[in-house]
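Just below is one structure, and these are the notes that go with it.
Each ligand, and each atom within it, is numbered from 1 in the order the structure gives. Being a predicted model, the structure only gives us computed values, none of them experimental. Numbers for residues simply follow the sequence, beginning at 1.
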Amino acid sequence: MTQTATGWVKIVGLGPGNESMVTAQVQEVLTEATDVVGYIPYVKRIPERPGLTLHATDNRVEIERATHALEMAATGKRVAVVSSGDPGVFAMASAVFEALEVANNPDWLNLDIQVLPGITAMLAASARIGAPMGHDFAAINLSDNLKPWSLIEKRLRLAGEAGFAMGFYNPRSKSRPHQFGRALEILRQACGGETLISFARDVSKPGETITTVTLDEATAEMADMRTVVIVGNADTRRVGRHVYTPRYAKEG
Ligand code: SAH
C-alpha cells in the first residue's frame, strides 16, 4: 500500500457531551473527514452527510479500530477517529499509536497523524463543582480491563497518601460491582473520612447531576459508568455551593 498526499488520521476529542464543548478545530476536522471511526455511542454524535462514511464499532476493539483507520488513511482517506472527552485520556490516541507500532509498516510511519484535544470529563466536572483540581491531582481509570486490580489499589493508596486530589474514570460497571466499594475503603484509610468526594454524572448532558459528600458518607451505588468521581485533598473545602482546593499545600 502506498501513501497518498491527502490521507490523514486525526484523533479528536468530542468533549463531555454538550455540542458547545466541541472545539472549533475538531468541528472543522469533522467537516473535512471522509470517514469517522469510533465506539458506537460516540459515532452516533456525528451527523450524517453525503461523502462521509461512519464506522461504528463495539467497545474493547480499540486496536482493530485504530488499524482500520490507518489502513484507510494509507489509501488516501481523511479519517477522524473520535473519542469522548479528550482522545489522550483513556481513549483512542494511545490505541492508534499502539496499532502503528504493532503494524510495523514503514509507509504508515509517514502518514499525517494528529491528535486534537478535547475537554476531558474530569475537568468538565471540576468546573461544575468549583475548583477541586486547583492543586496537584491524579487521574486514575478504575477499570481493570487493561491492568490488574492490585495495581489500581496500589495507585489509589499512594495517590491518597501523597495528598493528590483524584479523578476516577470508569468507576463502577455491572461486570465489577464490588470494586468501587473496595476503592472507597482504601480512600478512607489513605485520605481520612472527612475528605470531600463528588459524583458528577452526565456532565454537560441533559439530566446532569453533581453530588458532593464526605468519604464517610459515600456509598458505592453513587457511581456508575456515566459518572466521573472527584476526590479532594485534605485542604479541599466548601464555600457556599462551591467546592475548591486551595492553590497552596501545607508541608507533606
Ligand atoms: N476520553 C474520555 C474518557 C473515556 S473513559 C474523557 O477524556 O473524558 C469513559 C469514562 O469517562 C466514563 O466511565 C466516565 O467515568 C467518564 N465520562 C465521560 N463522559 C462523562 C460525562 N459527560 N459525565 C461524567 N463522566 C463522564
Side-chain angles (χ1 to χ4, degrees), residues 10-23 25-26 29-30 36-46 56-63 65-66 69 80-98 115-130 132-133 137-147 149 152 155-156 165-177 179-180 183-184 187 197-212 218 220-231 243:
K10 296 189 184 175
I11 312 152
V12 306
L14 298 177
N18 191 303
E19 295 314 310
S20 69
M21 295 172 95
V22 181
T23 68
Q25 191 184 38
V26 167
V29 164
L30 293 171
V36 170
V37 172
Y39 177 40
I40 300 159
Y42 308 150
V43 173
K44 275 202 182 126
R45 289 179 54 186
I46 311 301
T57 44
D58 208 348
N59 220 348
R60 302 203 189 188
V61 293
E62 286 85 0
I63 301 301
R65 188 190 291 150
V81 177
V82 295
S83 286
S84 74
D86 182 275
V89 180
F90 313 128
M92 284 305 293
S94 291
V96 170
F97 294 118
E98 190 183 335
V115 181
L116 306 184
I119 299 174
T120 191
M122 178 182 74
L123 297 182
S126 298
R128 300 290 288 133
I129 293 161
M133 300 331 212
F137 62 82
I140 303 179
N141 185 345
L142 294 191
S143 166
D144 63 351
N145 284 346
L146 299 170
K147 62 187 167 189
W149 177 254
I152 298 174
R155 288 186 175 169
L156 284 174
M166 287 169 262
F168 302 134
Y169 290 76
N170 300 308
R172 179 166 168 269
S173 83
K174 291 193 186 86
S175 60
R176 45 185 174 83
Q179 290 176 346
F180 187 63
L184 288 175
L187 291 168
I197 179 170
S198 300
F199 296 86
R201 186 169 197 270
D202 282 345
V203 175
S204 87
K205 299 183 195 177
E208 172 188 283
T209 57
I210 312 273
T211 310
T212 300
E221 297 69 37
M222 290 175 167
D224 65 7
M225 289 299 267
R226 286 159 65 176
T227 307
V228 63
V229 180
I230 307 287
V231 176
V243 172

Self-check item: For atom 24 (C) of ligand 1, closest protein heavy-atom neighbour
Solution: Arg226 O, 3.2 Å
Quiz item: Are the side chain of Arg45 and the backbone N or O of Leu14 linked by a donor-acceptor pair below 3.5 Å?
Solution: yes
Quiz item: Counting from 1, what ligand 1 atoms have a heavy atom of Pro171 closer than 4.0 Å?
Solution: 15 (O)
Practice problem: State which residue, out of Arg201, Arg172, Arg176, Lys174, fulfils the salt bridge (charged side-chain N to carboxylate O under 4.0 Å, His left out) condition with Asp224. | Solution: Arg201
Practice problem: Mark up the atoms of ligand 1 that fall under 4.0 Å of a heavy atom belonging to Ser84, in ascending order. | Solution: 1 (N), 2 (C), 6 (C), 7 (O)
Quiz item: Do any N/O atoms on Ser83 end up under 3.5 angstrom from N/O atoms on ligand 1?
Solution: no
Practice problem: Go through the structure and list residues passing salt bridge (charged side-chain N to carboxylate O under 4.0 Å, His left out) with Glu98, not counting sequence neighbours. | Solution: none
Quiz prompt | For Phe90, atoms of ligand 1 separated by under 4.0 Å from a heavy atom | solution = 4 (C)
Practice problem: Please state which part of Thr227 comes within less than 4.0 Å of ligand 1, counting heavy atoms only: side chain, backbone, both or neither. | Solution: backbone
Quiz item: Does any N or O in the side chain of Arg226 come within less than 3.5 Å of the main-chain N or O of Ala200, such that one atom is a donor and the other an acceptor?
Solution: no
Quiz item: Which part of Lys205 is near ligand 1, with near meaning a heavy atom under 4.0 Å away: side chain, backbone, both or neither?
Solution: side chain
Practice problem: Could you tell me which residues satisfy ring-ring contact (aromatic ring centres under 6.0 Å, His included) with Phe199, sequence neighbours excluded, listed by chain and number? | Solution: none
Quiz prompt | Donor-acceptor pair, side chain of Asp86 and main chain of Thr120, under 3.5 angstrom | solution = no
Quiz item: Can you find an N/O atom of Pro16 closer than 3.5 Å to an N/O atom of ligand 1?
Solution: yes
Exercise. Could you tell me whether the side chain of Lys205 reaches within less than 4.5 Å of the side chain of Pro16, counting heavy atoms only?
Key: no
Quiz item: Between Val12 and Val22, does a side-chain contact (heavy atoms from CB on, under 4.5 Å) hold up when you go through it step by step?
Solution: CA-CA 10 Å; Val12 306; Val22 181; over 6 Å; no
Self-check item: Val89 N/O under 3.5 Å from ligand 1 N/O
Solution: yes
Quiz item: Which ligand 1 atoms, with their elements, are less than 4.0 angstrom from a heavy-atom of Asp202?
Solution: 22 (N), 23 (N), 24 (C)
Quiz item: Side chains of Asn141 and Lys147: does their closest heavy-atom pair fall under 4.5 Å?
Solution: yes
Quiz item: Among protein heavy atoms, which sits nearest to atom 11 (O) of ligand 1, and what does the distance come to when rounded to 0.1 Å?
Solution: Tyr169 CD2, 3.3 Å
Quiz item: Is Met225 close to ligand 1, meaning an N/O of one under 3.5 Å from an N/O of the other?
Solution: yes
Practice problem: Using a strict cut-off of 4.0 Å, indicate which atoms of ligand 1 neighbour a heavy atom of Ala200. | Solution: 24 (C)
Quiz item: Looking only at protein heavy atoms, which one is nearest to atom 23 (N) of ligand 1, and how far off is it?
Solution: Val203 N, 2.9 Å
Quiz item: Below 4.5 Å, heavy atoms only, C-beta onward: do Gln25 and Pro117 meet side chain to side chain?
Solution: yes
Quiz item: Looking at ligand 1, does any of its N/O atoms fall within less than 3.5 Å of an N/O of Asn170?
Solution: yes
Self-check item: Side chain proximity check, Tyr169 to Met122, heavy atoms < 4.5 angstrom
Solution: yes
Quiz prompt | Atom indices of ligand 1 within 4.0 angstrom of Thr120 heavy atoms, with elements | solution = 6 (C), 7 (O), 8 (O)
Quiz item: Could you walk me through whether Tyr39 and Asp58 pass the side-chain contact (heavy atoms from CB on, under 4.5 Å) check?
Solution: CA-CA 6 Å; Tyr39 177 40; Asp58 208 348; 4.0 Å; yes
Quiz prompt | ligand 1 contact on Val229 by region, counting heavy-atom pairs under 4.0 Å | solution = neither
Exercise. Give the single entry among Ala121, Gly15, Gly13, Ala91 that approaches atom 17 (N) of ligand 1 most closely by any heavy atom.
Key: Ala121
Quiz item: For Asp86 and ligand 1, does the shortest N/O to N/O distance drop below 3.5 Å?
Solution: yes
